[in-house]
K.L.:
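Quick one: the structure is below, and I'll ask about it shortly.
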Amino acid sequence: MASRRRLVVVSNRLPVRRVRRGGSTAWEQSPGGLVTALAPILKSARGAWIGWAGGSGRAPAPFTLEGVRYTPVSLSRGQLEDFYEGFSNRTLWPLYHDAVRAPEFRRRWWWPYVDVNRKYAEAAAATAKRGDLVWVHDYHLQLVPAMLRELRPDVRIAFFLHIPFPPDELFAHMPWRSQIIEGLLGADLIGFQTPTGVRHFMATARRVAGVHGSRGTLSTGGRHVRVGAYPISIDLAAFDRLARAPETAARLHRLRVRLGRDRRVILGVDRLDYSKGIDARLKAVAELLTSGRATPADTVFVQVAVPSRESVKEYAELREEVERLVGRINGEFGEPGLAPVHYLHRGLPQAELVSHYLAADVMLVTPFRDGMNLVAKEYVACRTDDTGALVLSEFAGAAHELKAALMVNPHDVDGLAAGIDAALHMPHAEGARRMRSLRRAVRHNTVFDWADEYLGAAWS
Ligand code: GDG
């Protein structure tokens, strides 16, 4: 019954961008694992995607791109400030990331969050047909499942949270905790990145909404809501292909020559976000240089920090802190022509990103908390010759699968420095054994497996 299997995806942002072509502008799919995995499914299921397309004011008209129907949602300047920068990124984001920055609970951000969620729910209700599956994504839209159920009890509803779900006692701080839990419970399936997220959510749902259930099913209002862990992943084949491409070899060669062929390369790649532990790893690098375990002549640290949420105060402060640390390390330990830290405050084209992964003897993924962390998986996917070492925070969702990484606690600067040192001196055989095991883990669960598993559960 093809009509029953239609999929409507709802996410804060549409995975598209406007590009200039000739004298006019056109829409283009932006690169990313989620859209790569879902585009073929949406295309064959004549599916649709609803989300914000950037900008404020009137939304652009719906359009079709590579067989997928995109419906932009409009957000006003005020909604962007209160719903997006405020409630989503200054309340929910820090609260769900273990409160590594204090979440702000402002009453004037709550109603815009409700209004914008209703707008997405109405757009989904207007698009979905009877029996369709509507898949709602992420923390910006947690009220949509219940709002949509109210409007359209005849569709199936699934929700996936890309970021961690916090422990019960932390979530309890949220003034609108019951509204959020009830919003989520409107779904038929709620997916989290890890079993820990599932556990936290089940505990909170029992306490806040008084629902019953165990073993991945909750009962509420005469319905069953399934709750499960579905760890997201990457398009392994795409990274494998890029890593083996002849142009990549040439790019890698140029990069290694510029970084110094005899130096060991340590790499970090993140959005410039305080959850990612960029400051912690800079302190650990400083510790290695201070203790003489690394010198600017034998080791170089490259940090790619992609600008993110720059209008949010905490992000501007983090940028200052990171740049101060980089300046201090280079000032203290650098020599003319030999900077121990290279800091790039920009995103790289994907082919360039892959040559950085290939240039890195050691990859540092050290978030204080992270839903999954795709960078860790991408690094592993690119290491086709089983070389390289991954230093991974035990607080990244990816740590559940990438067990052969060198695990670290980013709050412990000495332990982190010791982990990096161990990675730099890892015996070849042990490094290869670990990398083979990491590669098996990524092969075992690609983004296509993730989408299959999740959608299989949502449709059943
Ligand atoms: C959220 C959750 C969860 C980064 N720098 C460049 C670049 N990137 C790409 C990477 C990777 C993506 O951005 C970052 O993904 P992460 O998973 O690390 O992080 P978030 O943005 O925080 O995503 C996270 C994810 O959702 C998925 O569910 O894993 O836990 O926080 O794909 O490759 N890409 C390019 N140049 C760069 O400089 N081209």
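Remember, it's 1-based here, ligands and their atoms both numbered in the order they're listed.
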K.L.:
Could you list the atoms of ligand 1 found under 4.0 angstrom from a heavy atom of Val269?
P.N.:
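In order of number, 4 (C), 5 (N).
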
K.L.:
For ligand 1, which atoms sit closer than 4.0 Å to a heavy atom of Met372?
P.N.:
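Result: 3 (C), 24 (C), 29 (O), 30 (O).
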
K.L.:
For ligand 1, which atoms have a heavy atom of Gln350 less than 4.0 angstrom away?
P.N.:
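So the atoms of ligand 1 that pass are 39 (N).
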
K.L.:
Given the rule in the side chain to side chain contact (heavy atoms under 4.5 Å, CB included) test, do Asp370 and Gln193 qualify, once you have shown the distances and angles that lead to the verdict?
P.N.:
CA-CA 10 Å; Asp370 215 331; Gln193 299 274 24; over 6 Å; no

K.L.:
If we count only N and O atoms by modelled type, under 3.5 Å, do the side chains of Ser437 and Lys403 hold a donor and an acceptor together?
P.N.:
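Judged by distance alone, the side chains do not pair up.
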
K.L.:
Pull out every atom of ligand 1 sitting under 4.0 Å from any heavy atom of Val304, numbered as shown with elements.
P.N.:
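Contacts of ligand 1 toward Val304, numbered from 1: 38 (O).
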
K.L.:
Please report the C-alpha distance between Val362 and Val265 in whole Å, then the side-chain angles of each, then the deciding distance to 0.1 Å, and finally whether the side chain to side chain contact (heavy atoms under 4.5 Å, CB included) criterion is met.
P.N.:
CA-CA 6 Å; Val362 174; Val265 177; over 6 Å; no

K.L.:
I'd like the name of whichever of Asp138, Asp235, Leu374 reaches closest to atom 25 (C) of ligand 1 through any heavy atom.
P.N.:
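Shortest heavy-atom distance from atom 25 (C) of ligand 1: Leu374.
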
K.L.:
Need the ligand 1 atom indices (1-based, order shown) with element for anything under 4.0 Å from a heavy-atom of Ile232.
P.N.:
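Answer for ligand 1: 27 (C), 28 (O).
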
K.L.:
If you measure from each heavy atom of Trp93 to ligand 1, is any distance below 4.0 Å?
P.N.:
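True for this residue.
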
K.L.:
Using a strict cut-off of 4.0 Å, indicate which atoms of ligand 1 neighbour a heavy atom of Glu378.
P.N.:
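Counting atoms of ligand 1 from 1, those under 4.0 Å from Glu378 are 10 (C), 11 (C), 32 (O), 33 (O).
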
K.L.:
With Tyr139, which residues qualify under ring-ring contact (aromatic ring centres under 6.0 Å, His included), at least two apart?
P.N.:
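Tyr139 satisfies ring-ring contact (aromatic ring centres under 6.0 Å, His included) with Trp93 once adjacent residues are dropped.
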
K.L.:
To which of Arg271, Gln193, His162, Lys276 does the heavy atom nearest atom 19 (O) of ligand 1 belong?
P.N.:
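Going through Arg271, Gln193, His162, Lys276 one by one, Lys276 has the nearest heavy atom to atom 19 (O) of ligand 1.
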
K.L.:
N/O to N/O below 3.5 Å, does that happen between Arg346 and ligand 1?
P.N.:
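By distance alone, the answer is no.
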
K.L.:
List every atom of ligand 1 that sits less than 4.0 Å from any heavy atom of Val306, numbering the atoms from 1 in the order shown and giving each element.
P.N.:
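It comes down to these atoms of ligand 1: 5 (N), 6 (C), 38 (O).
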
K.L.:
Looking only at heavy atoms, which two atoms of Ile180 and Leu143 are closest? And how far apart?
P.N.:
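Shortest heavy-atom contact: CA-CD2, 3.9 Å.
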
K.L.:
Can you tell if the side chain of Pro72 reaches within under 4.5 Å of the side chain of Trp52, non-hydrogen atoms only?
P.N.:
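When only atoms from C-beta onward are counted, Trp52 and Pro72 do not touch, as no gap falls below 4.5 Å.
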
K.L.:
Please check if any side-chain donor atom of Ser11 sits under 3.5 Å from a side-chain acceptor atom of Trp49, or the reverse.
P.N.:
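Short answer, yes.
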
K.L.:
For Leu353, take its heavy atoms, then give the atoms of ligand 1 lying under 4.0 Å from any of them.
P.N.:
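By the 4.0 Å cutoff, the relevant atoms are 7 (C), 33 (O), 34 (N), 35 (C).
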
K.L.:
For residues 339-353, dump all side-chain donor-acceptor pairs below 3.5 Å to protein atoms at least two apart in sequence or in another chain.
P.N.:
| unit_1 | atom_1 | unit_2 | atom_2 | d |
| --- | --- | --- | --- | --- |
| Tyr343 | OH | Glu323 | OE2 | 2.8 |
| His345 | ND1 | Arg319 | NH2 | 3.4 |

